[in-house]
Amino acid sequence: MNKKLIVGLAAGVAAAGVIGVLYRKGTLQPLMTKIDDLCDALSDKFKSDCHPSAPNYIPSGEQKNVSKSIK
């Protein structure tokens, strides 16, 4: 087998093992809570910089289904 494939599989098994140990020790839930809080903080920080959602790009009153208007 390819050496990179074997190293990749070993890394995946090791990562799964680490997650399993963290889950059994009970340290995974507080870590996930901290990650969730960080994601919320980053989302709030950059929310104003984001583009509006896709439905807002279509002016009101125009055809929303492009495939029907193309013939």
Side-chain angles (χ1 to χ4, degrees):
M1 288 181 106
N2 193 355
K3 185 177 180 181
K4 291 181 182 181
L5 178 65
I6 294 171
V7 170
L9 288 174
V13 169
V18 168
I19 294 295
V21 168
L22 290 175
Y23 183 75
R24 274 189 248 124
K25 284 188 172 185
T27 57
L28 185 63
Q29 189 60 36
L31 181 65
M32 293 303 291
T33 303
K34 288 180 183 178
I35 292 171
D36 191 37
D37 292 342
L38 178 65
C39 288
D40 289 341
L42 288 174
S43 174
D44 292 340
K45 182 178 180 181
F46 294 110
K47 188 175 259 184
S48 62
D49 295 339
C50 293
H51 295 288
S53 62
N56 293 337
Y57 286 148
I58 299 173
S60 61
E62 290 193 20
Q63 183 73 15
K64 291 185 178 182
N65 192 348
V66 178
S67 64
K68 286 184 179 179
S69 62
I70 298 174
K71 291 185 180 181

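Follow the hydrophobic side-chain contacts under 4.5 Å out from Val13 and you never reach Leu28; the two are in separate clusters. The hydrophobic clustering, which links ILVMFWY residues whose side-chain heavy atoms are closer than 4.5 Å, places Ile19 and Ile35 together. Residues Met32 and Val21 do not share a hydrophobic cluster, clusters being chains of Ile/Leu/Val/Met/Phe/Trp/Tyr side chains in contact below 4.5 Å.
Checking side-chain atoms of Thr33 against main-chain N and O of Gln29 turns up a donor-acceptor pair under 3.5 Å.
Shown here for Gly26 and Pro30, the closest heavy-atom pair between the two residues is O-CD, 3.4 Å.
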